[in-house]
Each structure stands twice: as structure tokens, then as C-alpha cells.
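No hydrogens, no waters, no symmetry mates; every other heavy atom, side chains included, goes into these values. The first residue of the sequence shown is numbered 1, and numbering continues consecutively from there.
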Amino acid sequence: ETADISDGEPFDAEPSTSTISEDPDFFKLESENPLVEKKNSSLTIKTNVSGASVYLNGNYRGTTPLTIKNLTEGKYRLRIQKTHYETRELSIQVRRGQERIYYIDLVRIIGKLSFIVTPSDATVSCDGFTVNENPMTLDEGVHSISVKKFGYNTWTSSVMVYRNML
């Protein structure tokens, strides 16, 4: 996906939040190449999972992989977010006449759910799928659990899984 953005503006003020990092370990500058047209710059954002939302200085620009063209030289706030993944926010530098390509690693937000079922040979389902592991790893959020066994009442409940829960 390519977004042509006419003269994107850098931000001058320092970020007000400490979550914006100058050199976080979850991203790397994959390459920097001079452009034939030296007037403006371009920025390409790649992630380990496609379809992450890209925001530049708080404005939505599209989903990864994404190239943003016609940027003015300067410092920008870049935010990458996707459901069930940690949001990444960092400060980047755009140089005049350069194409910068960033690779950003998004980390899945998960928790584990462990259970003891009586009778032990009952069938456990989570979100409609039979469970074959205990504990099981799930995305953060609400999940539907059911336990079935011939001759017994079916038990069903919703469970909230939190980040790093066990």
C-alpha cells in the first residue's frame, strides 16, 4: 500500500510521554537510500504481521506494509497498532531526499488458561474449538469455555484472559 501525503509535517515539540523511545529494541532501520528526487523524502513501514495500523504524528496513514511519500525533513512520532498486539510508538527522523525503511516487530498480547475438569475425560471447548492442551495460550480478551460429557449437563461460561495471565 502506498500513501501519497502532500508535505507531511514533522513535529517540533519533544514527546510528552515516556513511551516514545529514540532507540527501542523492537524496531530497526532496515535501509536508507538516496532518492532521485532530492526535494522530499519517503518512509516505508514493515511489520512482522501485515495489516497493522500506521499513525504519523497522530494521523492515520494506512496499514502495513506502507510507504508514505512527500514527507518534509524532520522528526516524527510513529505509532503502529494492531488488535491483540502491543502498540509500538517511537520517534523517527526523516532526512531530506532519503527513503527510509523501518521494520517493526509487534508482540502478541497473550495469557494462559489452565483448568481441571471432572470427569477428566470430558470434552473442553474454547470459542467453539476442542482444547487439546492444558494450559492453553489465548489472546487477551473474553473467551467462551464449555465442558461436555455424555450423561452430564453441559457447563458453559465466559472467561476473561489478561496479559501474562496463568
Nearest non-hydrogen partners of Ser144 and Thr156, listed with the distance: OG-CG2, 4.2 Å
Please find the pair of heavy atoms, one from Ser158 and one from Val142, that lie closest to each other, and give the distance. CB-CG1, 4.1 Å
Would you give the length of the straight line joining atom [atom1] of [X] to atom [atom2] of [Y], rounded to the nearest 0.5 angstrom?
X: Asn70; Y: Ile68; atom1: CG; atom2: CD1; answer: 11.0 Å
X: Ser41; Y: Glu73; atom1: OG; atom2: CD; answer: 6.5 Å
X: Leu71; Y: Arg96; atom1: CG; atom2: CZ; answer: 13.0 Å
X: Leu43; Y: Leu78; atom1: CG; atom2: CG; answer: 6.5 Å
X: Met136; Y: Phe129; atom1: CE; atom2: CZ; answer: 10.5 Å
X: Leu56; Y: Ile92; atom1: CG; atom2: CD1; answer: 6.0 Å

Going hydrophobic residue to hydrophobic residue with side-chain gaps under 4.5 angstrom, can you get from [X] over to [Y]?
X: Ile110; Y: Val159; answer: no
X: Leu138; Y: Tyr162; answer: yes
X: Val107; Y: Ile80; answer: no
X: Tyr152; Y: Val117; answer: no

What residues, two or more places apart in sequence or in another chain, satisfy side-chain contact (heavy atoms from CB on, under 4.5 Å) together with Asn153? none
Are any side-chain N or O atoms of [X] and backbone N or O atoms of [Y], one a donor and one an acceptor, separated by less than 3.5 Å?
X: Thr63; Y: Ser53; result: no
X: Ser157; Y: Ile145; result: no
X: Asn48; Y: Leu106; result: yes
X: Asn134; Y: Phe115; result: yes
X: Arg88; Y: Asp105; result: yes
X: Asp139; Y: His84; result: no

Taking atom types as modelled, find out whether [X] and [Y] have a side-chain donor-acceptor pair closer than 3.5 angstrom.
X: Thr64; Y: Ser50; result: no
X: Lys69; Y: Ser42; result: no
X: Gln81; Y: Arg79; result: yes

Just wondering, do [Y] and [X] contact through their side chains at under 4.5 Å, heavy atoms?
X: Tyr76; Y: Val94; answer: yes
X: Val49; Y: Lys82; answer: yes
X: Gln93; Y: Arg100; answer: yes

Pick from Ile101, Ile104, Thr67: which one makes a side chain to side chain contact (heavy atoms under 4.5 Å, CB included) with Ile45? Ile104
For the pair Glu140 and Arg108, find out whether any cationic side-chain nitrogen is under 4.0 Å from an anionic carboxylate oxygen. no
Show the numbers, then the answer: is there a side-chain hydrogen bond (donor to acceptor under 3.5 Å, both in side chains) between Thr123 and Lys148? CA-CA 5 Å; Thr123 301; Lys148 295 179 182 179; over 6 Å; no
With Tyr55, which residues qualify under ring-ring contact (aromatic ring centres under 6.0 Å, His included), at least two apart? Tyr60
